[in-house]
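In each ligand, atom 1 is the first atom listed, and ligand 1 is the first ligand listed.
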Amino acid sequence: MQTVTSISEMQALAAGLRAHGRSVALVPTMGALHEGHVSLVRLAAMKADAVIVSIFVNPAQFGPSEDFARYPRELEADLAQCNAAGAHVVFTPSVEEIYPKGYSTFITEEAVAKPLEGVSRPVHFRGVTTVVAKLFNIVRPNYAVLGQKDAQQVAVIKKITADLHLGVEIVIAPTLRDPDGLAMSSRNRYLTATQRADALALSRALRRAQEMVSAGERRVDRLVAEATHLLAQHRRVRVIYAAIVDRDTMEAVREVRPGQTILALAAWVDEVRLIDNEIL
Ligand code: PAF
């Protein structure tokens, strides 16, 4: 496995792979890798001849009061995980490499990015779309593998990929959960044991909604009311949003359309912000 830090070296390496007819899958990450990321790398290895993992804590997608400074950075452990999972190249550029002095070009998606996360994290998707477009241009992968855990991110990246003719096939990997049901996330390490116990309310609320849909319930108001009620049982949990939306457009719907709608949740567990979702 090779580690690359400069854009020019990454471009040359990816061009070499393409010249040899090898398909390339990119797994964009911010590091602090867990089993969920490992599953993305494994899926990428099944899709393409060469797997490139990017590790870049992207300042542009954090708001001023968010956790950019304390976001976990553990490059050595991340490299070991990438190697074990079958990555061929890890691209770890510096902030100065991606956003040199005077940098002034940003990409905004203006529909899918607006609701849900877009309301409470207004600069987030502008940062995500900008860095992802840059990574796609640098690597020019055939595939990019993303996790369903960040459902709105998936939808936004699919949209910019189509709108800007980026020519990358977006592959979505299912959310991995710990045995207690908590969706794997680099931010779970911020949780104390008691906070984690309350955080399980999110996956329970999602499971309950799935059960209700399996039993024939389609009305969004009833499903959301039940999910909100379950979340409200937990003292440390403050709901930011609980919404059933179309999985591609993120627009609110009135009725569940099985397979096409998701229940998306975001909540504070004390000072830790968590998101989760399930396809209903
Ligand atoms: O999901 C993430 O880790 C990030 O938002 C991404 C896609 C790597 C862009 O920085």
Side-chain angles (χ1 to χ4, degrees), residues 4 7 10 25-41 43-44 51-63 66-75 77-79 81-82 85 87 89-95 97-99 103 105-109 112-113 116-118 120-139 141 143-161 164 166 168-176 183-190 250 264 266 273-277:
V4 175
I7 291 173
M10 186 66 256
L26 172 69
V27 183
T29 81
M30 296 206 300
L33 303 182
H34 50 67
E35 275 303 309
H37 294 110
V38 169
S39 74
L40 305 186
V41 178
L43 184 56
V51 177
I52 299 175
V53 179
S54 62
I55 298 180
F56 179 65
V57 186
N58 175 31
Q61 69 187 71
F62 291 79
E66 294 183 10
D67 56 345
F68 174 68
R70 73 168 181 139
Y71 197 84
R73 289 158 172 87
E74 350 184 288
L75 188 57
D78 288 349
L79 293 177
Q81 295 212 68
C82 288
V89 181
V90 179
F91 179 43
T92 60
S94 64
V95 172
E97 184 77 357
I98 295 291
Y99 301 114
Y103 186 86
T105 304
F106 291 87
I107 292 188
T108 53
E109 191 287 325
V112 185
L116 308 180
E117 291 296 286
S120 50
R121 304 185 70 194
V123 299
H124 176 66
F125 282 123
R126 173 184 188 258
V128 170
T129 47
T130 299
V131 82
V132 166
K134 284 167 77 76
L135 290 167
F136 283 7
N137 278 329
I138 294 165
V139 175
Y143 308 97
V145 184
L146 302 168
Q148 174 62 25
K149 158 81 169 43
D150 296 301
Q152 191 173 10
Q153 171 168 280
V154 167
V156 170
I157 292 175
K158 276 173 115 176
K159 190 68 167 59
I160 63 154
T161 302
L164 299 177
L166 298 179
V168 178
E169 185 183 321
I170 307 299
V171 179
I172 308 169
T175 303
L176 284 203
M184 290 186 189
S185 162
S186 305
R187 289 186 168 100
N188 289 353
R189 67 194 70 197
Y190 298 152
M250 295 290 131
R273 190 182 191 284
L274 297 177
I275 59 170
D276 199 353
N277 72 87

Stepwise side-chain contact (heavy atoms from CB on, under 4.5 Å) check, Val38 with Glu35:
CA-CA 5 Å; Val38 169; Glu35 275 303 309; 4.1 Å; yes

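- When each atom of ligand 1 is checked for a heavy atom of Val131 under 4.0 Å away, the hits are 9 (C), 10 (O).
- Within a 6.0 Å radius of NZ in Lys158, other residues, nucleotides and ligands contribute 12 heavy atoms or fewer.
- For atom 9 (C) of ligand 1, the nearest non-hydrogen atom from the set His37, Gln61, Met30 comes from Gln61.
- For the pair Arg189 and Tyr71, the NZ or CZ position fails the cation-pi test of under 6.0 Å to the six-membered ring centre and within 45 degrees of the ring normal.
- The Pro28 neighbourhood of ligand 1 comprises atoms 8 (C), with distances under 4.0 Å to a heavy atom of that residue.
- Residues Phe56 and Met30 approach most closely at O-CG, 3.4 Å, considering heavy atoms.
- Not a single salt bridge (charged side-chain N to carboxylate O under 4.0 Å, His left out) links Arg70 to another residue, sequence neighbours left out.
- For atom 7 (C) of ligand 1, the nearest non-hydrogen atom of the protein is Gln153 NE2, 3.4 Å.
- Within the 4.0 Å heavy-atom criterion, the part of Thr29 lying near ligand 1 is the backbone and not the side chain.
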